[in-house]
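Read through the structure below, which is laid out as structure tokens, and then see the notes.
Everything numeric here is computed off the predicted structure, so don't read it as measured data. Throughout, a chain's letter reflects where its sequence line sits, starting with A, and its residues are numbered from 1. Worth knowing before you read on, the calculation uses all heavy atoms, side chains too, and leaves out hydrogens, waters and symmetry mates.
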2 protein chains.
Amino acid sequence: MAGQKSVHPTKGEFRILKVLWNQGPCTVRQVQEGLRDESGYTTVLKLMQIMLEKALLSRNEKERTHVYTAAVPEVQAKCGLVQDLIEKAFGGSAQELILQALSSRKSSPEELSEIRRMIDTIERKKP
Amino acid sequence: MAGQKSVHPTKGEFRILKVLWNQGPCTVRQVQEGLRDESGYTTVLKLMQIMLEKALLSRNEKERTHVYTAAVPEVQAKCGLVQDLIEKAFGGSAQELILQALSSRKSSPEELSEIRRMIDTIERKKP
DNA sequence: GTGTCAATACGAAACGGTTCGTAGCACTCA
DNA sequence: TGAGTGCTACGAACCGTTTCGTATTGACAC
């Protein structure tokens, strides 16, 4: 118990997690290629080592080339970020965040009805 | 022109902005008291000076005791945060963020229909 | 004037995130 | 065996945020 303390990934860490979530377990090299930018190999490696310490990643050291896996599920990490934002900026109100999200990008009618559909689903799920 | 470049408030800066949004123009002392924690006076002052440089705040120096005002509207700052999060974590999809927000806190039926009402409003506003 | 009080200004330092240079290790191939 | 390759490990350094100690200034009372 007590050790859960969900660590919040930084921006850079989140980018690495995204690659791992998409591609499944990867070597450092694979992650570095997955990030389509000029981040150097050792930079990515270092970041991943730190993430290992933070238990954001786990790794398999059986082979000489270590294989890393995301140790936090995508949903949980995103959920943490959203919770944070709701607390930090919207006084704990998810509604307010949603309103803001709705108005901050012009959503197409399709998106809006998509969202409406999601609400329907949730409503139906817990009567 | 060209100078807009909406600066993103840090966490600490955001807390100060919240006080100013709630209470209107304040002195440093008032802001420091508004933050109900142990942040020292000079710490708050320094932060506010930096925010002044970043144009997050403006101030009136007529009186000896300067009076600071939030220079960014609340909506705009929150919008920036939301945009950031959408980009960072949800691949630019506001929908996904909203779904996450809906599921990360159990919304009451009332909240859900509230949100539905908001969607109605938006839909009606731009046909 | 002189002392005191409350405010601003300035700069150093701590801290976390990030980048990168460099070293070392293991494997392969000639 | 020795050079080359590809990987991990380590540590220094940079940058932005945040904290805080200290100096300075202005107003007011005596």
Closest listed nucleotide, where the reference is the side chain of B/His66 and the choices are C/dA9, D/dA9, D/dT19: C/dA9

Check: A/Lys46 side chain, D/dG11 base, donor-acceptor under 3.5 Å: yes

Nearest-angstrom distance from the residue atom CG of B/Leu52 to P of C/dC10: 12 Å

Any B/Lys54 side-chain nitrogen or oxygen under 4.0 Å from OP1 or OP2 of D/dT17: yes

For the student: nearest non-hydrogen atoms of B/Thr69 and B/Leu20, plus distance: C-CD1, 4.3 Å

Distance, rounded to the nearest Å, where B/Phe14 contributes CZ and D/dT18 contributes P: 13 Å

Contact under 4.0 Å: B/Thr10 side-chain N or O vs D/dG16 OP1/OP2: no

Nearest atoms (heavy-atom pairs only) where A/Leu56 meets A/Leu17: O-CD2, 4.0 Å

Selected nucleotide, minimal atom distance to A/Thr42 side chain, candidates C/dG21, D/dT18, D/dG21: C/dG21

Whole-Å distance separating the CE atom of B/Met48 from the P atom of C/dA9: 11 Å

Near-strand residues of residues 15-34 of chain B, defined as heavy-atom separation under 4.0 angstrom from DNA chain D: none

Taking every non-hydrogen atom, the tightest pair across A/Leu57 and A/Ala70: CD2-CA, 3.8 Å

A/Thr43 vs C/dT18: side-chain N/O to OP1/OP2 distance below 4.0 Å: no

Whole-Å gap separating P (C/dA9) and CE (B/Met51): 16 Å

Euclidean distance, atom CD of residue A/Glu63 to atom P of D/dC7 [Å, nearest integer]: 13 Å

Below 4.0 Å: OP1/OP2 of C/dA9 and any side-chain N or O of B/Arg59: yes

Value in whole Å for how far the P atom of C/dG16 lies from CD of A/Glu13: 13 Å

OP1 or OP2 of D/dC10 under 4.0 Å from side-chain N/O of A/Gln49: no

Value in whole Å for how far the P atom of C/dT18 lies from CG of A/Leu35: 12 Å

Interatomic distance, B/Leu45 CG vs D/dG21 P [rounded to whole Å]: 14 Å

salt_bridge(A/Arg59, A/Glu61) N-O dist < 4.0 Å: yes

Minimal non-hydrogen separation, A/Ala71 against A/Ser58, with atom names: CB-N, 4.0 Å

Name of the residue among B/Glu13, B/Gln49, B/His8 meeting side-chain contact (heavy atoms from CB on, under 4.5 Å) with B/Lys54: B/Glu13

Pairing of B/Arg116 and A/Glu123 as salt bridge, 4.0 angstrom limit: yes

Side chain of B/Ile50 (C-beta onward), nearest among D/dT18, C/dA9, C/dT19: D/dT18

